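Report on one structure; see the data block that follows.
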Number of protein chains: 2
Amino acid sequence: MDLRQLNYFVAVYENGSISAAARACHVAQPSLSAALQQLEDELGAVLFIRQSRGVTPTEDGERLYGHAGRLLSQMQSLKASFRHSVKRVQFRLGLIRALGVERMSQLLREFSAGVEGLELHLVEPEDEADARIITPKMLKAGEQFLPIWTDHFLIALPAGHPLALKQSLQLEDFDGLALIKRTPCDAWSQFYPELIRNGIQPDIRADIHTIEYALGLVSAGVGVALVPDFDVLHERQDVVLRPLQDVTLQRTIGLAYPRSKAGQPALDWLRLLCQQQS
Amino acid sequence: MDLRQLNYFVAVYENGSISAAARACHVAQPSLSAALQQLEDELGAVLFIRQSRGVTPTEDGERLYGHAGRLLSQMQSLKASFRHSVKRVQFRLGLIRALGVERMSQLLREFSAGVEGLELHLVEPEDEADARIITPKMLKAGEQFLPIWTDHFLIALPAGHPLALKQSLQLEDFDGLALIKRTPCDAWSQFYPELIRNGIQPDIRADIHTIEYALGLVSAGVGVALVPDFDVLHERQDVVLRPLQDVTLQRTIGLAYPRSKAGQPALDWLRLLCQQQS
DNA sequence: GTAAATCCATAGGTAAAAGCTATAGCTGGT
DNA sequence: ACCAGCTATAGCTTTTACCTATGGATTTAC
């Protein structure tokens with residue numbers, strides 16, 4: 001019974017699934033399966049009941065979790081008590097605005113957790129930085145680009161909007177339509193000229209920067225907006241998402257970093273995290 | 001920082017020396033040195049001051065020990081709380097009598113500690129057993145023999161006995177000498193016939209079985225006795241040890257076990273312990 | 001009802017880590 | 001000065017943690 005196994009056990013417990021825990025721990029699923037098996041063999045107890053939809057803890061699993069959490073945190077604080085003079089690691093990360101609060105904050109949380117003594121400074125995407133999360137178009141000379149997410153764009157409509165009756169929208173539908181402009185946005189700079197080229201003139205009601213604001217305006221009935229297809233958006237009851245016919249809008253967001261800085265531990269860790277984003 | 005390293009750290013602390021801790025943990029000394037180094041690197045603190053005569057803990061070492069001990073014992077009790085229905089392992093060990101309480105009890109302590117749920121039954125050396133600690137002469141067919149200790153024999157004299165003035169004793173010195181017989185004993189069965197062959201007739205005052213009793217009688221002035229050369233005996237002020245000239249008496253004590261039972265975990269562990277006896 | 005997706009387990013191979021032996025350097029005791 | 005005992009280093013072997021790939025089982029989707 002070592003700390004590695006206990007850590008994995010806790011992760012499995014808290015994720016309710018071996019696969020999910022493996023993703024959270026950044027290891028392959030069989031590694032976790034094996035570690036869990038070892039732990040169970042050593043304790044002579046079954047800790048989880050394996051089901052096709054994840055695992056559920058047994059009574060022994062519950063009992064172990066109670067103690068394991070306490071033990072691990074004691075271990076952490078013991079280790080921390082020796083971290084008197086850890087060198088602070090400064091890291092400047094440039095961020096474009098419209099990339100989704102949810103997944104971004106999760107990425108940053110993991111980034112911070114993985115680097116001892118990290119001081120993370122978030123700056124504007126065009127500022128000088130150790131790394132930037134941007135679209136390929138913003139790349140500078142000497143920078144390496146590592147794709148993270150590819151988002152398709154949809155049209156967000158207020159619930160109850162007449163166009164919500166259609167399964168997908170055509171360009172013609174936008175003529176005179178109340179539209180919310182969101183910049184800077186790759187999709188917008190593809191989409192808007194396309195409208196103009198077709199002689200379609202929408203009614204632009206606002207120009208804002210973040211997806212969250214755009215959705216707020218949509219929900220308020222100000223107009224419709226072009227937004228990336230995040231999973232969380234589908235759960236909102238106040239907006240309806242519809243694909244565009246005829247034109248495919250998508251963008252890629254990735255990590256840009258100076259080739260010369262590869263090898264720096266914080267950056268390497270960030271690159272690893274980015275690679276593992278689905 | 002894993003439990004292995006913490007365990008080693010505690011062992012080093014409690015033994016006051018890396019080498020001694022390595023012996024206690026049944027690993028080679030460099031393994032411990034390396035683990036300790038890792039721990040110090042990770043914590044960024046020096047835990048022990050290395051001296052030529054062992055190590056002494058620093059302030060950080062003292063602090064870590066306070067917490068590490070508590071953590072490890074919590075870990076142990078957590079593990080123990082799952083050992084509800086461990087299969088009891090029965091083990092019958094045959095022991096000849098005269099092999100020295102000190103080293104024997106230490107061996108048995110380590111044996112018990114290393115086998116989960118061990119029920120150790122000590123039986124007479126000639127009884128049916130899973131293993132026996134005996135001299136090679138007592139070997140039965142189909143048994144493997146693994147030497148553990150080789151003892152040289154000395155003569156134990158009461159302090160102040162006239163023969164104590166000599167640095168070593170000759171056979172002639174035994175003519176008419178008050179002698180304590182200890183059987184069964186390999187050395188005795190070599191030595192006594194040798195005396196008779198030379199026409200020397202000692203005065204046998206007692207016949208007992210264990211070394212401790214023999215020494216008690218020597219100390220009481222009943223006579224002199226033939227005893228194996230244990231280190232602890234040299235520390236006694238009430239008896240004097242002298243080698244025998246002309247004749248070398250020694251015995252080998254070892255572990256005898258049925259070849260067929262090799263592979264059984266308890267026996268394998270015992271074999272390992274026996275191999276590591278100095 | 002079949003196909004796709006999801007989850008856990010197993011197999012086989014690779015690379016890191018922990019182990020061992022041998023040896024060098026250092027210090028205190030005979 | 002030499003010996004004995006301790007720690008550190010070097011070189012090598014064994015163990016083990018990890019990965020990819022795949023199979024079996026079950027739930028979800030169409």
Side-chain angles (χ1 to χ4, degrees), chain A residues 1-42 46-58 61 114 167 231 234-235 265 268-269 271-273 275-276 278, chain B residues 1-42 46-58 61 114 231 234-235 265 268-269 271-273 275-278:
Chain A
M1 175 154 67
D2 64 13
L3 293 180
R4 185 185 57 91
Q5 291 168 343
L6 278 190
N7 256 314
Y8 286 168
F9 165 79
V10 168
V12 170
Y13 183 98
E14 294 181 344
N15 284 281
S17 136
I18 297 181
S19 297
R23 284 188 290 273
C25 297
H26 307 107
V27 294
Q29 167 260 318
S31 302
L32 262 168
S33 274
L36 206 54
Q37 192 65 54
Q38 289 172 343
L39 193 58
E40 290 186 326
D41 287 350
E42 184 175 347
V46 177
L47 297 172
F48 294 102
I49 297 167
R50 274 73 161 175
Q51 293 153 320
S52 53
R53 198 97 196 123
V55 297
T56 56
T58 62
Q167 282 307 302
D231 285 345
H234 292 276
E235 291 159 13
D268 284 350
W269 172 236
R271 283 162 59 197
L272 184 71
L273 285 179
Q275 272 172 17
Q276 292 179 359
S278 54
Chain B
M1 176 154 66
D2 64 14
L3 292 181
R4 184 186 59 92
Q5 291 167 342
L6 277 190
N7 256 315
Y8 285 168
F9 165 80
V10 168
V12 170
Y13 183 99
E14 294 181 344
N15 284 280
S17 137
I18 297 182
S19 297
R23 286 188 289 273
C25 298
H26 306 108
V27 294
Q29 168 261 316
S31 301
L32 260 168
S33 274
L36 206 54
Q37 192 66 54
Q38 290 173 342
L39 194 57
E40 291 186 326
D41 287 350
E42 186 175 348
V46 176
L47 298 172
F48 293 102
I49 296 166
R50 274 71 162 177
Q51 293 151 323
S52 55
R53 198 102 197 124
V55 297
T56 56
T58 62
D231 284 346
H234 292 277
E235 292 160 13
D268 284 349
W269 171 238
R271 283 161 59 193
L272 184 71
L273 284 179
Q275 273 172 17
Q276 292 180 358
Q277 295 295 317
S278 56

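As the structure is a computational prediction, the values presented were derived from the model and not from experiment. Throughout, a chain's letter reflects where its sequence line sits, starting with A, and its residues are numbered from 1.
- Distance CG (A/N15) to P (C/dC7): 11 Å, rounded to an integer number of Å.
- Here D/dA17 presents its C1' atom at 8 Å from OH of A/Y8, a figure rounded to the nearest Å.
- Between the CG atom of B/D41 and the P atom of C/dA17 there is a distance of 13 Å, given to the nearest Å.
- At a threshold of 4.0 angstrom between heavy atoms, the contacts of B/Q38 are confined to the sugar-phosphate backbone, with no base atom among them.
- Counting to the nearest Å, the C1' atom of C/dG29 and the CD atom of B/Q51 are 16 Å from each other.
- Although no hydrogens or angles enter the test, the distance criterion places a donor-acceptor pair under 3.5 Å between the side chain of B/Q5 and the main chain of B/D2.
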task: For each nucleotide in nucleotides 25-30 of chain D, reading 5' to 3', give B when a protein heavy atom comes within less than 4.0 Å of its base, S when such contact involves only the sugar-phosphate, and - otherwise.
output: -SS---
Sub-3.5 Å pairs of nitrogen or oxygen atoms, protein against nucleotides 19-21 of chain D:
from, atom 1, to, atom 2, distance (Å)
D/dC19, OP2, A/A28, N, 2.6
D/dC19, OP2, A/S31, OG, 2.9

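- Taking atom CZ of A/R50 as the reference point, atom C1' of C/dT6 lies 16 Å away to the nearest angstrom.
- Ring planes of B/H26 and B/W269: perpendicular class, angle over 60° (limits at 30 and 60°).
- The shortest heavy-atom contact between B/Q29 and B/A22 is CA-CB, 3.6 Å.
- As rounded to whole Å, 16 Å separates atom C1' of C/dT27 from atom CD1 of B/I49.
- Looking at A/R50 and A/L36, their side chains come closer than 4.5 Å, going by heavy atoms from C-beta outward.
- Here A/F48 lies out of heavy-atom contact (under 4.0 Å) with every strand.
- Rounding to whole angstrom units, CG of residue B/L32 and P of C/dT21 are separated by 14 Å.
- The distance from atom OG1 of B/T56 to atom CZ of B/F48, rounded to the nearest 0.5 Å, is 9.0 Å.
- Across all strands shown, B/S17 has heavy atoms under 4.0 Å from sugar-phosphate atoms exclusively, and none from any base.
- Distance CD1 (B/I18) to P (C/dG19): 14 Å, rounded to an integer number of Å.
- In this structure, CD in B/E40 is found 9.0 Å from CZ in B/F9, a value given to the nearest 0.5 Å.
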